[in-house]
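For reference, the structure is listed below as C-alpha coordinates.
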Amino acid sequence: MANPKKEFTKVYDEYIAKIYRFVYLKVNSQAIAEDLASEAFLRTWEVFKKDTGKIDNIQAFLYKTANNLVIDHYRQKGRINIVPTSEVRLMDTGEDLHEKAAISSDIEFIKKHLSDIKNDYQNVIIMHYLDDLPIPEVARTLEKTEGATRTLLHRALKALKEKTEQV
Amino acid sequence: MTQEELITKIKDLKAVEPSNNWVLSTKNRILGTETRTELFPFFKPVYAGLFCLLFLIGLFEISQDALPGESLYYLKKITEKSQVFLSSEAEKPSLNLAQANKRLEELDKIARKNEVQKLAPAIDEFQATVSEAAKSLSKVKKVDEQIVAQARKLDENKERVEQTLATKIETDDYYNALAVIVKREISDLEAKDLTDQEKAGLEQAKQYLEQEDYSEALITILEISQR
(Lines give C-alpha, C1' and ligand atoms only; values in the text may rest on other atoms or scores of the structure.)
Protein backbone atom coordinates (compact mmCIF):
# COMPACT_ATOMS: atom_id res chain seq x y z
CA MET A 1 0.00 0.00 0.00
CA ALA A 2 1.28 3.47 -0.90
CA ASN A 3 2.42 5.83 1.84
CA PRO A 4 -0.68 8.01 2.73
CA LYS A 5 1.49 11.06 3.51
CA LYS A 6 3.25 10.79 0.17
CA GLU A 7 -0.08 10.37 -1.64
CA PHE A 8 -1.64 13.30 0.18
CA THR A 9 1.40 15.47 -0.55
CA LYS A 10 0.63 15.02 -4.26
CA VAL A 11 -3.02 15.93 -3.63
CA TYR A 12 -1.95 19.00 -1.65
CA ASP A 13 0.44 20.19 -4.36
CA GLU A 14 -2.20 19.74 -7.06
CA TYR A 15 -5.14 21.41 -5.32
CA ILE A 16 -3.83 23.94 -2.81
CA ALA A 17 -3.82 26.91 -5.20
CA LYS A 18 -7.24 25.97 -6.63
CA ILE A 19 -8.90 25.54 -3.25
CA TYR A 20 -7.33 28.77 -1.96
CA ARG A 21 -8.68 30.70 -4.97
CA PHE A 22 -12.07 28.98 -4.69
CA VAL A 23 -12.35 30.15 -1.07
CA TYR A 24 -10.76 33.57 -1.64
CA LEU A 25 -13.26 34.52 -4.35
CA LYS A 26 -16.10 33.70 -1.95
CA VAL A 27 -14.78 35.37 1.23
CA ASN A 28 -12.87 38.31 -0.30
CA SER A 29 -10.14 38.14 2.36
CA GLN A 30 -6.65 36.71 2.13
CA ALA A 31 -6.47 35.94 5.87
CA ILE A 32 -9.87 34.19 5.97
CA ALA A 33 -9.13 32.35 2.68
CA GLU A 34 -5.83 31.05 4.09
CA ASP A 35 -7.56 30.00 7.29
CA LEU A 36 -10.45 28.19 5.60
CA ALA A 37 -8.35 26.60 2.81
CA SER A 38 -5.86 25.16 5.31
CA GLU A 39 -8.75 23.90 7.46
CA ALA A 40 -10.23 22.20 4.37
CA PHE A 41 -6.96 20.36 3.72
CA LEU A 42 -6.52 19.49 7.39
CA ARG A 43 -10.01 17.96 7.59
CA THR A 44 -9.49 16.06 4.33
CA TRP A 45 -6.14 14.75 5.59
CA GLU A 46 -7.73 13.56 8.84
CA VAL A 47 -10.17 11.42 6.85
CA PHE A 48 -7.60 10.40 4.20
CA LYS A 49 -4.96 9.13 6.66
CA LYS A 50 -7.44 6.90 8.50
CA ASP A 51 -8.54 5.15 5.32
CA THR A 52 -7.29 6.26 1.91
CA GLY A 53 -10.03 4.22 0.20
CA LYS A 54 -12.79 6.05 2.08
CA ILE A 55 -12.70 9.08 -0.23
CA ASP A 56 -13.92 8.14 -3.72
CA ASN A 57 -13.31 11.51 -5.35
CA ILE A 58 -10.66 13.55 -3.54
CA GLN A 59 -11.29 16.59 -5.74
CA ALA A 60 -15.01 16.63 -4.97
CA PHE A 61 -14.28 16.04 -1.28
CA LEU A 62 -11.90 19.02 -1.11
CA TYR A 63 -14.28 21.42 -2.91
CA LYS A 64 -17.22 20.24 -0.82
CA THR A 65 -15.29 20.63 2.44
CA ALA A 66 -14.06 24.09 1.42
CA ASN A 67 -17.57 25.13 0.34
CA ASN A 68 -19.08 23.92 3.65
CA LEU A 69 -16.43 25.87 5.57
CA VAL A 70 -17.30 29.02 3.62
CA ILE A 71 -21.02 28.52 4.34
CA ASP A 72 -20.25 27.98 8.05
CA HIS A 73 -18.08 31.09 8.03
CA TYR A 74 -20.94 33.24 6.71
CA ARG A 75 -23.41 31.62 9.10
CA GLN A 76 -21.16 32.50 12.03
CA LYS A 77 -20.18 35.98 10.91
CA GLY A 78 -23.30 36.95 9.05
CA ARG A 79 -21.36 39.40 6.95
CA ILE A 80 -19.32 39.81 3.78
CA ASN A 81 -15.80 41.15 4.17
CA ILE A 82 -14.70 43.69 1.59
CA VAL A 83 -10.92 43.76 1.15
CA PRO A 84 -8.59 46.29 -0.45
CA THR A 85 -7.18 45.64 -3.95
CA SER A 86 -3.65 45.25 -2.47
CA GLU A 87 -4.63 41.87 -1.05
CA VAL A 88 -5.07 40.41 -4.53
CA ARG A 89 -1.87 38.68 -5.55
CA LEU A 90 -1.00 38.87 -9.21
CA MET A 91 1.34 36.52 -10.97
CA ASP A 92 4.24 38.28 -12.63
CA THR A 93 3.16 38.07 -16.23
CA GLY A 94 5.71 40.55 -17.49
CA GLU A 95 3.21 43.31 -18.36
CA ASP A 96 4.07 46.91 -17.51
CA LEU A 97 2.51 48.75 -14.57
CA HIS A 98 -0.28 50.25 -16.68
CA GLU A 99 -1.32 46.84 -17.94
CA LYS A 100 -1.12 45.43 -14.42
CA ALA A 101 -3.28 48.22 -13.10
CA ALA A 102 -5.85 47.56 -15.86
CA ILE A 103 -5.89 43.84 -15.10
CA SER A 104 -6.12 44.56 -11.38
CA SER A 105 -9.09 46.83 -12.00
CA ASP A 106 -10.81 44.16 -14.13
CA ILE A 107 -10.12 41.58 -11.45
CA GLU A 108 -11.68 43.77 -8.78
CA PHE A 109 -14.68 44.41 -11.00
CA ILE A 110 -15.40 40.78 -11.80
CA LYS A 111 -14.48 39.59 -8.30
CA LYS A 112 -16.95 42.00 -6.74
CA HIS A 113 -19.81 40.82 -8.94
CA LEU A 114 -18.88 37.16 -8.66
CA SER A 115 -19.24 37.41 -4.91
CA ASP A 116 -22.73 38.90 -5.39
CA ILE A 117 -24.23 35.89 -7.19
CA LYS A 118 -25.57 32.67 -5.66
CA ASN A 119 -23.12 30.21 -4.09
CA ASP A 120 -23.99 27.44 -6.61
CA TYR A 121 -23.36 29.85 -9.47
CA GLN A 122 -19.98 30.86 -8.00
CA ASN A 123 -19.00 27.19 -7.66
CA VAL A 124 -19.79 26.22 -11.24
CA ILE A 125 -18.05 29.30 -12.72
CA ILE A 126 -14.89 28.91 -10.60
CA MET A 127 -14.60 25.17 -11.27
CA HIS A 128 -15.20 25.37 -15.00
CA TYR A 129 -13.55 28.64 -16.05
CA LEU A 130 -10.84 29.09 -13.40
CA ASP A 131 -9.95 25.55 -12.36
CA ASP A 132 -10.46 24.30 -15.95
CA LEU A 133 -12.56 21.32 -14.94
CA PRO A 134 -14.53 19.91 -17.88
CA ILE A 135 -18.33 19.73 -17.46
CA PRO A 136 -18.37 15.98 -16.54
CA GLU A 137 -15.78 16.68 -13.80
CA VAL A 138 -17.75 19.67 -12.48
CA ALA A 139 -20.88 17.50 -12.51
CA ARG A 140 -19.15 14.77 -10.51
CA THR A 141 -17.73 17.29 -8.06
CA LEU A 142 -21.09 19.01 -7.54
CA GLU A 143 -22.87 15.65 -7.53
CA LYS A 144 -25.21 16.73 -10.35
CA THR A 145 -25.98 15.38 -13.82
CA GLU A 146 -24.04 16.82 -16.76
CA GLY A 147 -27.22 18.35 -18.14
CA ALA A 148 -28.06 20.00 -14.84
CA THR A 149 -24.49 21.30 -14.63
CA ARG A 150 -24.66 22.84 -18.11
CA THR A 151 -27.93 24.52 -17.21
CA LEU A 152 -26.45 25.76 -13.92
CA LEU A 153 -23.41 27.18 -15.75
CA HIS A 154 -25.64 28.94 -18.29
CA ARG A 155 -27.71 30.51 -15.51
CA ALA A 156 -24.59 31.44 -13.56
CA LEU A 157 -23.10 33.32 -16.53
CA LYS A 158 -26.42 35.07 -17.16
CA ALA A 159 -26.66 36.12 -13.51
CA LEU A 160 -23.09 37.43 -13.49
CA LYS A 161 -23.64 39.31 -16.76
CA GLU A 162 -26.75 40.96 -15.32
CA LYS A 163 -24.84 42.00 -12.21
CA THR A 164 -22.07 43.60 -14.30
CA GLU A 165 -24.65 45.44 -16.43
CA GLN A 166 -26.38 46.87 -13.39
CA VAL A 167 -23.34 49.14 -12.76
CA MET B 1 -20.26 43.08 -22.47
CA THR B 2 -20.62 39.91 -24.54
CA GLN B 3 -20.52 36.46 -22.98
CA GLU B 4 -17.04 35.84 -24.48
CA GLU B 5 -15.74 39.09 -22.94
CA LEU B 6 -17.25 38.10 -19.60
CA ILE B 7 -15.57 34.67 -19.73
CA THR B 8 -12.23 36.32 -20.58
CA LYS B 9 -12.59 38.59 -17.56
CA ILE B 10 -13.50 35.62 -15.34
CA LYS B 11 -10.35 33.84 -16.53
CA ASP B 12 -8.29 36.88 -15.44
CA LEU B 13 -9.08 35.80 -11.89
CA LYS B 14 -6.57 32.96 -12.37
CA ALA B 15 -4.06 35.62 -11.33
CA VAL B 16 -5.31 35.18 -7.77
CA GLU B 17 -2.94 32.81 -6.07
CA PRO B 18 -1.74 32.03 -2.54
CA SER B 19 1.67 33.10 -1.22
CA ASN B 20 4.42 30.50 -1.45
CA ASN B 21 5.24 30.93 2.23
CA TRP B 22 1.69 30.11 3.25
CA VAL B 23 1.57 27.10 0.89
CA LEU B 24 4.79 25.68 2.37
CA SER B 25 4.04 26.45 6.01
CA THR B 26 0.53 24.97 5.72
CA LYS B 27 1.92 21.85 4.06
CA ASN B 28 4.43 21.50 6.87
CA ARG B 29 1.78 22.08 9.53
CA ILE B 30 -0.63 19.50 8.08
CA LEU B 31 1.81 16.84 6.95
CA GLY B 32 4.37 17.39 9.71
CA THR B 33 7.79 15.83 9.34
CA GLU B 34 7.02 14.32 5.92
CA THR B 35 7.74 17.60 4.18
CA ARG B 36 11.02 17.99 6.04
CA THR B 37 12.18 14.49 5.21
CA GLU B 38 11.43 15.10 1.54
CA LEU B 39 13.59 18.20 1.60
CA PHE B 40 16.39 16.31 3.38
CA PRO B 41 16.00 12.66 2.38
CA PHE B 42 19.28 11.66 4.05
CA PHE B 43 17.66 12.28 7.46
CA LYS B 44 15.45 9.23 6.90
CA PRO B 45 16.53 6.34 9.18
CA VAL B 46 16.83 4.05 6.15
CA TYR B 47 19.74 6.19 4.91
CA ALA B 48 21.53 6.30 8.30
CA GLY B 49 23.56 3.11 7.63
CA LEU B 50 24.56 4.26 4.18
CA PHE B 51 25.44 7.70 5.53
CA CYS B 52 27.71 6.15 8.21
CA LEU B 53 29.34 3.85 5.65
CA LEU B 54 30.06 6.77 3.29
CA PHE B 55 31.39 8.77 6.24
CA LEU B 56 33.78 5.94 7.19
CA ILE B 57 34.92 5.45 3.58
CA GLY B 58 35.57 9.20 3.36
CA LEU B 59 37.48 9.13 6.65
CA PHE B 60 39.67 6.20 5.51
CA GLU B 61 40.26 7.98 2.20
CA ILE B 62 41.39 11.18 3.95
CA SER B 63 43.56 9.15 6.35
CA GLN B 64 45.69 7.93 3.41
CA ASP B 65 47.42 11.32 3.36
CA ALA B 66 48.01 11.35 7.13
CA LEU B 67 51.59 11.51 8.45
CA PRO B 68 53.09 9.85 11.58
CA GLY B 69 52.14 11.86 14.68
CA GLU B 70 48.75 12.84 13.23
CA SER B 71 45.44 11.51 14.64
CA LEU B 72 44.24 9.89 11.40
CA TYR B 73 47.55 8.02 10.91
CA TYR B 74 46.24 5.06 12.95
CA LEU B 75 43.41 4.59 10.44
CA LYS B 76 45.98 4.50 7.63
CA LYS B 77 47.94 1.82 9.50
CA ILE B 78 44.76 -0.21 10.08
CA THR B 79 44.03 -0.12 6.33
CA GLU B 80 47.56 -1.29 5.52
CA LYS B 81 47.56 -4.05 8.14
CA SER B 82 44.22 -5.27 6.71
CA GLN B 83 45.76 -5.38 3.23
CA VAL B 84 48.69 -7.49 4.48
CA PHE B 85 46.36 -9.76 6.49
CA LEU B 86 44.18 -10.41 3.45
CA SER B 87 47.10 -11.03 1.06
CA SER B 88 48.65 -14.43 0.26
CA GLU B 89 52.07 -15.49 1.65
CA ALA B 90 53.63 -14.96 -1.80
CA GLU B 91 52.33 -11.38 -1.99
CA LYS B 92 53.33 -10.34 1.54
CA PRO B 93 57.06 -9.51 0.91
CA SER B 94 56.39 -7.10 -1.96
CA LEU B 95 53.43 -5.58 -0.06
CA ASN B 96 55.59 -5.03 3.04
CA LEU B 97 58.31 -3.48 0.87
CA ALA B 98 55.74 -1.19 -0.81
CA GLN B 99 54.59 -0.06 2.65
CA ALA B 100 58.21 0.56 3.72
CA ASN B 101 58.52 2.75 0.62
CA LYS B 102 55.42 4.68 1.73
CA ARG B 103 57.08 5.27 5.12
CA LEU B 104 60.12 6.70 3.33
CA GLU B 105 57.88 8.97 1.23
CA GLU B 106 56.24 10.20 4.45
CA LEU B 107 59.68 10.83 5.94
CA ASP B 108 60.65 12.75 2.82
CA LYS B 109 57.50 14.92 3.09
CA ILE B 110 58.13 15.61 6.78
CA ALA B 111 61.76 16.49 6.11
CA ARG B 112 60.81 18.86 3.29
CA LYS B 113 58.13 20.57 5.43
CA ASN B 114 60.67 20.74 8.28
CA GLU B 115 58.12 19.28 10.74
CA VAL B 116 60.78 18.31 13.27
CA GLN B 117 58.37 16.95 15.92
CA LYS B 118 57.12 14.28 13.44
CA LEU B 119 60.60 13.06 12.45
CA ALA B 120 61.19 10.63 15.34
CA PRO B 121 57.81 8.86 15.04
CA ALA B 122 58.23 8.71 11.23
CA ILE B 123 61.68 7.07 11.51
CA ASP B 124 60.28 4.58 14.07
CA GLU B 125 57.42 3.77 11.70
CA PHE B 126 59.84 3.17 8.81
CA GLN B 127 62.08 0.90 10.88
CA ALA B 128 59.10 -1.11 12.15
CA THR B 129 57.72 -1.54 8.64
CA VAL B 130 61.05 -2.43 7.06
CA SER B 131 61.60 -4.94 9.88
CA GLU B 132 58.27 -6.57 8.95
CA ALA B 133 59.47 -6.64 5.33
CA ALA B 134 62.71 -8.36 6.44
CA LYS B 135 60.70 -11.03 8.24
CA SER B 136 58.55 -11.77 5.20
CA LEU B 137 61.65 -11.73 2.92
CA SER B 138 63.25 -14.43 5.08
CA LYS B 139 60.39 -16.73 4.06
CA VAL B 140 60.77 -16.04 0.33
CA LYS B 141 61.60 -19.14 -1.70
CA LYS B 142 61.94 -17.45 -5.08
CA VAL B 143 62.41 -13.75 -5.84
CA ASP B 144 60.05 -12.18 -8.35
CA GLU B 145 59.97 -8.94 -10.33
CA GLN B 146 57.75 -7.14 -7.82
CA ILE B 147 60.10 -7.81 -4.90
CA VAL B 148 63.09 -6.69 -6.94
CA ALA B 149 61.34 -3.52 -8.13
CA GLN B 150 60.27 -2.56 -4.61
CA ALA B 151 63.75 -3.31 -3.21
CA ARG B 152 65.32 -1.07 -5.85
CA LYS B 153 62.82 1.71 -5.12
CA LEU B 154 63.51 1.39 -1.41
CA ASP B 155 67.24 1.89 -2.00
CA GLU B 156 66.59 5.04 -4.03
CA ASN B 157 64.06 6.46 -1.53
CA LYS B 158 66.28 5.70 1.43
CA GLU B 159 69.28 7.33 -0.20
CA ARG B 160 67.29 10.49 -0.93
CA VAL B 161 65.86 10.72 2.60
CA GLU B 162 69.26 10.11 4.19
CA GLN B 163 70.72 12.91 2.07
CA THR B 164 67.91 15.28 3.11
CA LEU B 165 68.21 14.38 6.79
CA ALA B 166 72.04 14.12 6.60
CA THR B 167 71.84 10.96 8.71
CA LYS B 168 71.92 7.18 8.19
CA ILE B 169 68.85 5.12 9.08
CA GLU B 170 69.59 1.72 10.58
CA THR B 171 68.06 -1.17 8.54
CA ASP B 172 70.41 -4.09 9.25
CA ASP B 173 67.65 -6.73 9.48
CA TYR B 174 66.43 -5.84 6.01
CA TYR B 175 69.84 -5.94 4.33
CA ASN B 176 70.74 -9.17 6.14
CA ALA B 177 67.55 -10.75 4.76
CA LEU B 178 68.38 -9.51 1.25
CA ALA B 179 71.97 -10.82 1.53
CA VAL B 180 70.67 -14.28 2.44
CA ILE B 181 68.40 -14.30 -0.60
CA VAL B 182 71.17 -13.10 -2.95
CA LYS B 183 73.63 -15.74 -1.67
CA ARG B 184 71.04 -18.50 -2.05
CA GLU B 185 70.12 -17.40 -5.56
CA ILE B 186 73.83 -17.24 -6.56
CA SER B 187 74.49 -20.76 -5.28
CA ASP B 188 71.37 -22.01 -7.10
CA LEU B 189 72.67 -20.48 -10.36
CA GLU B 190 76.17 -21.92 -9.80
CA ALA B 191 74.63 -25.39 -9.73
CA LYS B 192 73.13 -24.88 -13.17
CA ASP B 193 74.65 -25.16 -16.68
CA LEU B 194 75.07 -21.54 -17.74
CA THR B 195 76.07 -19.96 -21.02
CA ASP B 196 79.15 -17.72 -21.10
CA GLN B 197 76.93 -14.64 -21.04
CA GLU B 198 75.02 -15.97 -18.02
CA LYS B 199 78.29 -16.82 -16.26
CA ALA B 200 79.42 -13.21 -16.83
CA GLY B 201 76.16 -12.01 -15.37
CA LEU B 202 76.62 -14.25 -12.34
CA GLU B 203 80.10 -12.82 -11.74
CA GLN B 204 78.57 -9.35 -11.89
CA ALA B 205 75.98 -10.36 -9.29
CA LYS B 206 78.75 -11.64 -6.99
CA GLN B 207 80.51 -8.29 -7.28
CA TYR B 208 77.29 -6.46 -6.31
CA LEU B 209 77.01 -8.83 -3.34
CA GLU B 210 80.52 -7.95 -2.21
CA GLN B 211 79.65 -4.24 -2.57
CA GLU B 212 76.49 -4.87 -0.49
CA ASP B 213 74.40 -3.56 -3.38
CA TYR B 214 71.79 -6.27 -2.94
CA SER B 215 69.06 -4.80 -5.11
CA GLU B 216 71.41 -4.56 -8.12
CA ALA B 217 72.56 -8.13 -7.45
CA LEU B 218 68.92 -9.26 -7.43
CA ILE B 219 68.19 -7.45 -10.72
CA THR B 220 71.16 -9.24 -12.36
CA ILE B 221 70.09 -12.61 -10.94
CA LEU B 222 66.54 -12.08 -12.16
CA GLU B 223 67.82 -11.26 -15.66
CA ILE B 224 69.82 -14.54 -15.76
CA SER B 225 66.84 -16.55 -14.45
CA GLN B 226 64.49 -15.12 -17.05
CA ARG B 227 66.68 -15.98 -20.02
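Here is the naming used below: chain letters follow the sequence lines, and residue numbers restart at 1 for every chain. Both backbone and side-chain heavy atoms feed into the values below; hydrogens, waters and symmetry mates do not.
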Counting neighbours of CD on B:E70 that are heavy atoms of other residues, nucleotides or ligands and sit closer than 6.0 Å, is the number greater than 12?
yes
What's the shortest heavy-atom distance between A:F41 and B:I30, and which atoms?
CB-CD1, 3.6 Å
Based on non-hydrogen pairs under 4.5 Å, which of A:I110, A:L130, A:I16 is most in contact with chain B?
A:L130
Report, as yes or no, whether the 6.0 Å neighbourhood of atom CZ on A:R155 holds more than 12 heavy atoms from other residues, nucleotides or ligands.
no
How far apart are the closest heavy atoms of A:K5 and B:L31, and which atoms are they?
NZ-O, 3.4 Å
Tell me whether A:K158 at atom NZ has more than 12 heavy atoms from other residues, nucleotides or ligands lying less than 6.0 Å away.
no
Value rounded to 0.5 Å, distance of NZ in A:K161 from CD1 in B:I7
11.0 Å
Could you tell me if the side chain of A:Y24 sits less than 4.5 Å from the side chain of B:P18, heavy atoms only?
no
Flag the pair B:T26 / A:E34 as yes when at least one side-chain heavy-atom distance between them is below 4.5 Å, and no otherwise.
no
So for atom NZ, which belongs to A:K64, do other residues, nucleotides or ligands contribute more than 12 heavy atoms lying within a distance under 6.0 Å?
no
Proximal component of A:D13, with respect to chain B [non-hydrogen, under 4.5 Å]:
side chain
For the NE2 atom of A:H128 and the NZ atom of B:K11, what is their distance to the nearest 0.5 Å?
7.0 Å
Please find the pair of heavy atoms, one from B:K14 and one from A:R21, that lie closest to each other, and give the distance.
O-NH1, 3.4 Å
Between the main-chain N or O of B:V16 and the side-chain N or O of A:Y20, is there a donor-acceptor pair closer than 3.5 Å?
no
Count the heavy atoms of every other residue, nucleotide or ligand shown that sit under 6.0 Å from CD of A:E146, and state whether that count exceeds 12.
yes
Could you look at B:L13 and say if it's the side chain, the backbone, both or neither that has a heavy atom under 4.5 Å from chain A?
both
Atom CG of A:L160 and atom NZ of B:K9: how far apart are they, to the nearest 0.5 Å?
11.5 Å
What are the two closest heavy atoms between A:Y129 and B:I10, and how far apart are they?
CB-CG2, 3.8 Å
Pick whichever of A:L25, A:I126, A:L157, A:I125 has the most heavy-atom pairs under 4.5 Å with chain B.
A:L157
